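Convention: sequence-line order gives letters A, B, ...; per-chain numbering from 1. On a predicted model such as this, the values are computed, not experimentally measured, just so you know.
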Amino acid sequence: MPAGKEYNLCSMDPRSLLNKQQLDAVTVEGGATLVLAGPGSGKTRVLTHRIAYLINELGIPPYRILAVTFTNKAAGEMKKRLEEMVPEGAKAVWLGTFHSICVKILRREANLLPVDANFVIYDVDDQVALIKTIIQDLNLNEKMYRPSSIQATISHAKNDMIMPRDYKVRSSRDARIQEIYERYQQSLRACNALDFDDLLLAALNLLNEYPEVREKYASRFEHILVDEFQDTNQVQYELVKMLSGVHHNLFVVGDEDQSIYRWRGADYRNVLRFEEDFTDTQKILLEQNYRSTQKVLDLARAVIDRNQYRTPKALFTERGGGTQVRFYNAEDDRDEADYVVRTILAEKKKGGNPASFAIMYRMNSQSRLLEEAFMKAGMSYRLVGAQRFYGRREVKDVIAYLRLVENPKDEISIRRVINVPARKIGDKSVEKLAEVARLMESNMGAVLLELGSRGAESEVWAALERTAAPLYQFARLMAGWVAIKDQVSLPDLFDRILLDIEYQNYIQDGSEEEVIDRWGNVQELRRQAFEFEESGLSDLLANLALVSDQDTLVDKPDSPTLLTLHAAKGLEFDRVFIIGLDDGLLPHNRSIGEEEEMEEERRLFYVGITRARDQLYLVRAERRNMFGHYDNQMPSRFLQDVPDDLVNVDATPRSSSQRGYDRWESGSYRRERRSSFSQRKESYFDEWDEEATSSHAWESAQASRESRRYSGGHAAILPQQADTPQREKRIGVTYKAGMKVKHPTFGEGMILNVQLESDGEQLLDVFFADSKEKKKLAASYIKLEILD
DNA sequence: AGTAGGCCACTTTTT
DNA sequence: GTGGCCTACT
C-alpha cells in the first residue's frame, strides 16, 4: 500500500476488515496503550495491522519497531502476514519472543557480558545436570536437595530478580540453596553458558549497568508492541519498561482470563501494574468474538465468571447459536479415547475432515491412550510437544557434540557425550579430567583440546596418568572438529562429527526393544543444519534451544491434533475435545487447595473451551489407569458450572447398541439410560455428597458445595464420604490435619491437610521439617509413622 | 568399564 | 507401568 493514502485496509484485502474497536487500536496515537482482547477477538490481526500502519502511514522505519510474541511460530506467522502488507521493510522489524530478542541483543553486546559471544543456552535438563554436579561436590543428599526442585527455586528467584547474594536465608536449608545458587552461577560462567532465565536477566542487567547501551536501544525502538502481556514475568516487564523509556510508545495486548503461566513466573497483575506505571494509559477493549458460536461462548463465560480476580468482560459474537456442547461420561480412560476416535470417524464418514479436530488434555501423559486408539483405527494424528523432538536422546547427543565444538567450555555437554558411544571413559576418568582442569586453573574442554592436539607430548598427558589414553581418543576427535569448524560448511561439520563417532552404528545396533526411528531424528536435525548453513552454528544452536512445542507444529493433512491445554493457547479449531475432566486432573491435584492456582486451572479450561469454533466435546472418565492400577475419578468440579441447557449427553456404545432390556435395568447400566445432563450430574455428584439425596440432588449438591466454597478451606469441598461399593482401598489408619508423622526418607513432618479420594485413598499434604518442603503423598503408598 | 536386576518414587503445564 | 539409581557381578 502506497504511503500517504488514507488508511483503508478494506480495499486491500477482505481479511483486513476491522471493526470499530480494532480500528481504534490499530490507529491509536503513541503513548501507553493497553488492549484487553478476549479470545477470538482478532488481536493478532490488530497487532499486525498496527505495525503495518506505523510503517505505511506514519512512516516509522521498520527497524525502529520491536514486537514481542509468545512463541517463535507466532512471530513467524506475523512476519509472513506483515510481508504481504509491507513488502519491503517487514524483514527489518524486530520480531520475536522475549528470549530470542534478548539473545539478539546479548550477542551484539557480548563484549560487555560475563560470557563470550559464543555462549550456549542451557535448557532445563542442562540446568538440572549442572545442579546435580554441584550437589555432589557439596556432598549433599540428592533426596533432600532434589536437583529439579532446586532448579525451580533458582528459576523463581531469577524471575523475581533475586541474585544469590540477595537470596533470603531463613534456615540452614536456605543457606545451602544459596550456596548451590552461587556455585551454579559460577559454573554457568565457567561453562560459558546462560540458562533460559539468564537470557532475560542478563539483557536487563546490561541495560541497567550500561546507560549508553540502554540509551542505544531505548532510542532505537520508537514503538514497542507486546503480545500475550498477561503472561509476562517481572523481568520481562522491567525490560519492556526500560526499552520504552525514551519514546514511551508501548502497545500491549493481553487478557487476564488467558493467563496460564503463573507457575513459570508470569504475573497477570502486570496488566494492572501497567495502568499504574504508565499514567495516561489508553485502554481499548476488544469484545467481539469472531471465532466461536454463541453456545461455546456462553459456556466459556459461565466457567470464567466464577473467578474472583478478574475484570468482567462482555464477549459477544454475531455467529449463530451453534450446536449443543456434547458431553460424554466414559467408563474408563480407554473408553474415553475410543469415544474420541469413533466420534471423529463418524464425522469423517459424513464428509468431515479429521484435521478440523483437536483433542486437548491437562497432561502430556494423557496422549498415550489416544495415540494407541488412533493407531488401532488406522488413523494418522499430529502430536504437539509431549516427548519433544529436541528431548530425544539421540537429538540431545548430537546437539551436545555441536555445542561443545562451538563452545569447548561447555562442561555439561562434554560430560554428556564423552562416553557416548562408549569409549571406556568412566566416572573415574571424567573426575580425573575435572581434577586436572582444576589444578591447571583451566577447564575440561581446554585440557581436552590441549591433549588432543599435542598428545603424549603435552604435559596434561602425564597429569592424566592412566586415563590419558582413553581420553586422548575423544580429545583428538574434538580437537579435529574445532580445527575445521570455521573452514567447512555446517552440514559438512555435522557429517564429519557423525562419521567420526560412528553414530549410526551406535544407534542402529538393533538392541533397542522399541522401533524408534532414531536415525531418522538425526537426519531431521541434519536437515536443520542445512537450513542454517548461512547463519552458522551459533544461530542453529540458539534456535534449537529456543524452539517451543508450538513451533514444531506443522500441518498434517487429514490428521486431528493432540495437544495440552497450555500448547493450545493462541490456536483455534472447528471442533475441540477437552478430555480428562476429572477432579485431580483438571483441576490438577497439585493446584487443589491453592486459591490462585485453582483460578489458573479454571482459566486453562477457559482457554480450551474458547479454542473451539463450532463444536465442543467435554469428556470425563469414571476410572482411570494411574501408576498401573485403576482409580475411580470424581467429575471435575468445573463441570458444575456448565449450564445444563447448553449440553447434550452422548450415550455409551453399550446403551445404544445393546437392546437387552433386562441388562438395561440391572446394575450399573441403569444410570446410563438417563439422558438429560442434569440427571447425569445428579448421579455423579450424589455419589460424593451425602447431602445430595433428594430429587433435586443436583441443586442441593451444588448449593452445599457453594456454601462450602465460600466458607473457605478446600478440605470441605471434597466430602468425607461414607462407604460406597466403589471403594477399593482399605486403609488402616485415618490421618488428620495436624498429626505429626515420620517418613523414612523425608523425616519428620506435619500433616497440613487430608483429602479423601473416592476409592478411599487419602491424599496428604505434609510439611517436612528437614527439607521445609510441602509434599503431596498418597497414604496407601507410603510408610508413615505417627508420632504423638 | 559396563550391565543386569532390584528397589524406589513418581506424573502438571514450558519459553 | 516406567524410569532413574544403586549394587553386585562380569
Quick check on [N]: is either OP1 or OP2 less than 4.0 Å from any side-chain nitrogen or oxygen of [X]?
X      : N      : value
A/K132 : C/dC5  : yes
A/N625 : C/dG1  : no
A/N233 : B/dT15 : no
A/S100 : B/dT15 : no
A/N364 : B/dT14 : yes
A/T564 : B/dT14 : yes

Looking for any heavy atom pair under 4.0 Å, which part of the strands does A/N419 touch: base, sugar-phosphate only, or nothing?
sugar-phosphate

By the 4.0 Å heavy-atom rule, please label A/F98 as base, sugar-phosphate, or nothing.
nothing

Length of the line joining [X]:[atom1] and [N]:[atom2], which is rounded to integer Å:
X      : N      : atom1 : atom2 : result
A/I418 : B/dG2  : CD1   : P     : 12 Å
A/L585 : B/dT11 : CG    : C1'   : 10 Å
A/D195 : B/dT14 : CG    : C1'   : 14 Å
A/D631 : B/dC10 : CG    : P     : 16 Å
A/N159 : B/dT15 : CG    : C1'   : 10 Å
A/H588 : B/dT11 : NE2   : C1'   : 7 Å
A/D125 : C/dG4  : CG    : P     : 10 Å
A/R624 : B/dT11 : CZ    : C1'   : 13 Å

Scan for side-chain hydrogen bond (donor to acceptor under 3.5 Å, both in side chains) pairs involving residues 97-108 of chain A, sequence neighbours excluded, and state none if there are none.
A/T97-A/S100, A/R107-A/S538

Using the side-chain heavy atoms of [X], tell me which of these nucleotides is nearest: [options].
X      : options                : value
A/K428 : B/dT13, B/dA1, B/dT15  : B/dA1
A/S429 : B/dT13, B/dT15, B/dA1  : B/dA1
A/T97  : B/dT15, B/dT14, C/dG1  : B/dT15
A/K424 : B/dA1, B/dT15, B/dT14  : B/dA1
A/R590 : B/dA1, B/dT11, B/dT15  : B/dT11
A/R264 : B/dT11, B/dT13, B/dT15 : B/dT15

Can A/W263 be said to stack with the base of B/dT13, given centres closer than 5.5 angstrom and planes under 30 degrees apart?
yes

Would you call A/F196 stacked on B/dT15, i.e. ring centres under 5.5 Å apart with the planes less than 30° off parallel?
yes

Cationic tip of A/R602 above A/F605 ring, under 6.0 Å, 45° of axis:
no

cation_pi(A/R611, A/Y606) dist<6.0 Å, angle<=45:
no

Side-chain touch A/I121/A/L541, heavy atoms, less than 4.5 angstrom:
no

With nearest nucleotide decided by heavy atoms, which residue, A/L546 or A/A422, maps closer to the 5′ end of DNA chain B?
A/A422

Do A/D333 and A/N625 meet the criterion of a side-chain donor-acceptor pair at a distance under 3.5 Å?
no

A/E599 and A/R306 have their tightest heavy-atom pair at OE2-O, 4.5 Å

